[in-house]
2 protein chains.
Amino acid sequence: MSSSLIHVGIVEDNDEIRQTLALIIDGTPGYSCKMVFSNAEAAVEALRNSYVNVVLMDIELPGMTGIEAVKQLKPVAPDMDFLMLTIRQDDEAIFNSICAGATGYLVKDTPPTALLQAIQEVADGGAPMSTSIARKVIRSFHATTPSPLSSRETEILKLLCDGLNYRSIAQQLFLSAHTVKSHIKNIYKKLHVNSRAEAVGKALKDKLI
Amino acid sequence: MSSSLIHVGIVEDNDEIRQTLALIIDGTPGYSCKMVFSNAEAAVEALRNSYVNVVLMDIELPGMTGIEAVKQLKPVAPDMDFLMLTIRQDDEAIFNSICAGATGYLVKDTPPTALLQAIQEVADGGAPMSTSIARKVIRSFHATTPSPLSSRETEILKLLCDGLNYRSIAQQLFLSAHTVKSHIKNIYKKLHVNSRAEAVGKALKDKLI
DNA sequence: TCCAAAATCCCCCATCTGGGCGATAGCCCG
DNA sequence: CGGGCTATCGCCCAGATGGGGGATTTTGGA
């Protein structure tokens, strides 16, 4: 990995910081920094069809925030990685950035060696982050509410998520369609919903399945 | 945090490793290790109603695996944290463990200092892990397929996930119910589904909304 | 041991849904 | 300029769905 050139982009409104970062990166063999922007709007426009591998993105920017920029760029450039730049470790903002599509973050006073290493790690498919951020990410993985459903109901809910109707579910579980309907009615009661779509929505959002 | 006693549990079938871990932990001030098991079944049974804070769980166990044990314990003891024990860093197994409810992992030859530090970090709400694991976790956060839906369709899909029917969606968006139906039909075509439930399931699983 | 919950099955019916088919108008890209 | 996509509105109808009842048996925990 370290043999190929890493193309880095920078989006940072503070002139000094931006130029310093660019100098460090472009001055190091193996790193190239041609795409530099002082606002998110210009960056989104120019980066969408670029060959840039890793973007250092300031979170606080005039106009569009860095988080919003990532949200727009990630879908159109899925292979582009984003490292957010922050003054200090702000767990909430960083977590939101990650939800938006960022891979990790850097605090702005990171020494050059660590900066370059973080970029390298990201390019190599890693995601450098503190343990507290990692925990936040993991937590949002897991179910927060304990499921009120019985195992049979959970089983049926899974099949609902696949779009099966009464009959198909009944066949799959060797039940009568009446029974399936009965279970689904109970699921609705317990989840406080009254349609398949809402049940599926709640099930997946609350990680009940 | 470091002032209160951390109750640690161990589940590990290798006698030597298990006893070594227990000795290290129980021999350190601030750490207590009373719950020690050589198989997952006994651990699940005893830990479900225990006061243990952090469990060191071997992944490979005779009978039930450590991953399965976490899957069973996490729902009934949501405040209990799990650190998986592995011989070497196996990204796939570790990722599966995290999906099952684990917070992090340790390689078995971790030196005592780092071991205790990792336990402390977990007890303090962190999630120690390598950058490559972190990346895997983050990746499963993001949409993998670019959405084929128009913005209007996405808007309607969101409302479908909330369980709204034609009329309610129409009112919310100031449209005729006919138009809503029309959009939904197009959504079905694009997502290759043919019911609300399936559309919602696909939307949330593929992170289209 | 006894009760509550779960799991199974059944009926009725108003309403919702999905599929088929069609129409007009705007917009962008080639 | 024409074709494709989107957005908007419309009608018909068979079949699925949700809500309202009720019933029995098994299971599991207190």
Side-chain angles (χ1 to χ4, degrees), chain A residues 45 48-49 75-76 145-203 208-209, chain B residues 41 44-50 72-73 75-77 145-203 208-209:
Chain A
E45 193 48 38
R48 57 188 322 127
N49 284 316
V76 297
T145 340
S147 172
L149 303 179
S150 73
S151 62
R152 194 51 146 178
E153 287 161 351
T154 305
E155 204 176 359
I156 288 177
L157 187 53
K158 277 182 196 158
L159 298 176
L160 278 186
C161 291
D162 294 336
L164 277 62
N165 60 14
Y166 290 135
R167 229 176 324 164
S168 307
I169 295 176
Q171 283 171 4
Q172 193 118 10
L173 300 181
F174 305 104
L175 290 175
S176 118
H178 293 293
T179 305
V180 173
K181 184 169 181 177
S182 209
H183 282 300
I184 292 181
K185 277 197 276 195
N186 288 329
I187 293 173
Y188 289 179
K189 271 208 189 74
K190 290 183 180 178
L191 299 187
H192 308 292
V193 301
N194 43 29
S195 76
R196 293 161 113 75
E198 198 179 358
V200 171
K202 185 148 199 151
L208 300 179
I209 55 158
Chain B
E41 288 78 2
V44 169
E45 193 48 37
L47 289 174
R48 58 188 319 129
N49 284 316
S50 75
Q72 293 193 20
L73 276 171
V76 297
T145 341
S147 172
L149 304 179
S150 73
S151 62
R152 194 53 148 174
E153 287 161 352
T154 305
E155 204 176 359
I156 288 177
L157 187 53
K158 277 181 197 161
L159 298 176
L160 278 187
C161 291
D162 294 337
L164 277 62
N165 60 15
Y166 290 135
R167 230 176 324 168
S168 308
I169 295 176
Q171 283 171 4
Q172 193 119 8
L173 300 181
F174 306 103
L175 290 175
S176 118
H178 293 293
T179 305
V180 174
K181 185 171 181 176
S182 207
H183 283 301
I184 292 181
K185 276 196 276 197
N186 288 329
I187 292 173
Y188 288 179
K189 271 208 191 73
K190 291 184 180 178
L191 299 187
H192 308 293
V193 300
N194 43 29
S195 76
R196 294 162 113 75
E198 199 179 357
V200 171
K202 186 149 197 147
L208 301 179
I209 55 158

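So that the names make sense, note that chain A is the first sequence line, chain B the second, and so on, each numbered from 1. Please read all numbers here as calculations on a predicted model, not as lab measurements.
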Chemist: So which of residues 157-165 of chain B are in contact with DNA chain C, with a heavy-atom cut-off of under 4.0 Å?
Modeler: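 Residues of residues 157-165 of chain B that come under 4.0 Å of DNA chain C are, in numerical order, B:N165.
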Chemist: Could you give all pairs that pass the salt bridge (Lys or Arg N to Asp or Glu O under 4.0 Å) test and reach residues 172-197 of chain A, with sequence neighbours left out?
Modeler: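 For residues 172-197 of chain A, and leaving out neighbouring residues, the salt bridge (Lys or Arg N to Asp or Glu O under 4.0 Å) pairs sorted by first residue read A:E153-A:K190.
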Chemist: Identify the pairs formed between an N or O of the protein and an N or O of nucleotides 26-30 of chain D at a distance under 3.5 Å, and give each distance.
Modeler:
none

Chemist: Which residue pairs pass the salt bridge (Lys or Arg N to Asp or Glu O under 4.0 Å) test with at least one member in residues 160-179 of chain B, sequence neighbours excluded?
Modeler: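 Residue pairs passing salt bridge (Lys or Arg N to Asp or Glu O under 4.0 Å), neighbours aside: A:K205-B:D162.
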Chemist: Check whether any side-chain heavy atom of B:T179 sits under 4.5 Å from a side-chain heavy atom of B:L173, and report yes or no.
Modeler: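 No, side chains not in contact.
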Chemist: Taking side chain as C-beta onward, heavy atoms only, is B:L191 less than 4.5 Å from B:L149?
Modeler: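 When only atoms from C-beta onward are counted, B:L149 and B:L191 do touch, with a gap below 4.5 Å.
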Chemist: First locate atom CD1 of A:I156, then atom OG of A:S151, and finally report the distance between them rounded to the nearest 0.5 Å.
Modeler: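 So the CD1 of A:I156 and the OG of A:S151 are separated by 10.0 Å.
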Chemist: Could a donor-acceptor pair under 3.5 angstrom be found where the side chain of A:K181 meets the base of D:dG19?
Modeler: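 Per atom types, the contact qualifies.
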Chemist: Counting the atoms with a prime plus P, OP1 and OP2 as sugar-phosphate, which does B:Y166 contact under 4.0 Å by heavy atoms, base, sugar-phosphate, or nothing?
Modeler: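 Base, at least one base heavy atom under 4.0 Å.
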Chemist: The criterion is side chain to side chain donor-acceptor pair (under 3.5 Å); which residues satisfy it with A:T154, sequence neighbours excluded?
Modeler: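 With sequence neighbours excluded, A:T154 shows a side chain to side chain donor-acceptor pair (under 3.5 Å) to no residue whatsoever.
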Chemist: Please give me the minimum heavy-atom distance between A:Y166 and A:I184, naming the atom from each residue.
Modeler: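 Taking A:Y166 first and A:I184 second, the nearest heavy atoms are CE2-CD1, 3.7 Å.
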Chemist: Check side-chain contact (heavy atoms from CB on, under 4.5 Å) between A:S195 and all other residues, then give those that pass, not counting sequence neighbours.
Modeler: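 Checked A:S195 against side-chain contact (heavy atoms from CB on, under 4.5 Å); matches are A:A197, A:E198.
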Chemist: Which angle, rounded to 10°, do you find between the first-five-pair axis and the last-five-pair axis of the helix from C:dT1-D:dA30 to C:dG30-D:dC1?
Modeler: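 Rounded value for the end-axis angle: 70°.
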Chemist: Return the residues of residues 191-202 of chain A meeting this criterion: a heavy atom under 4.0 Å from some atom of DNA chain D. Order them by number, or give none.
Modeler: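 Heavy-atom contacts with DNA chain D come from A:N194, A:S195, A:R196.
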Chemist: Under the rule for side-chain contact (heavy atoms from CB on, under 4.5 Å), what residues qualify as partners of A:A170, not counting sequence neighbours?
Modeler: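 Per chain and number, A:A170 pairs via side-chain contact (heavy atoms from CB on, under 4.5 Å) with A:A177, A:V180.
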Chemist: Please list, chain by chain and in numerical order, all residues satisfying side chain to side chain donor-acceptor pair (under 3.5 Å) with B:S176, sequence neighbours excluded.
Modeler: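 Expected list: none.
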Chemist: If I compare all heavy atoms of A:L208 with all of A:P148, which pair ends up nearest, and what's the gap?
Modeler: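 Heavy atoms of A:L208 and A:P148 come nearest at CD2-CD, 4.5 Å.
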Chemist: If I take atom CD1 from residue A:I169 and atom NE2 from residue A:H183, how far apart are they, to the nearest 0.5 angstrom?
Modeler: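 The NE2 atom of A:H183 is 10.5 Å from CD1 of A:I169, to the nearest 0.5 Å.
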Chemist: Any side-chain N or O of A:Y188 below 4.0 angstrom from OP1/OP2 of D:dG18?
Modeler: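 Yes, such a contact exists.
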Chemist: Heavy atoms under 4.0 Å is the rule here; annotate nucleotides 5-10 of chain C 5' to 3' with B where the base is hit, S where only the sugar-phosphate is, and - elsewhere.
Modeler: -SSBBB
Chemist: What distance do B:I187 atom CD1 and B:K202 atom NZ have between them, rounded to the nearest 0.5 Å?
Modeler: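 Interatomic distance, B:I187 CD1 to B:K202 NZ, rounded to 0.5 Å: 13.5 Å.
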Chemist: Who passes side chain to side chain donor-acceptor pair (under 3.5 Å) against A:E155, sequence neighbours left out?
Modeler: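 Listed in chain order: A:R152.
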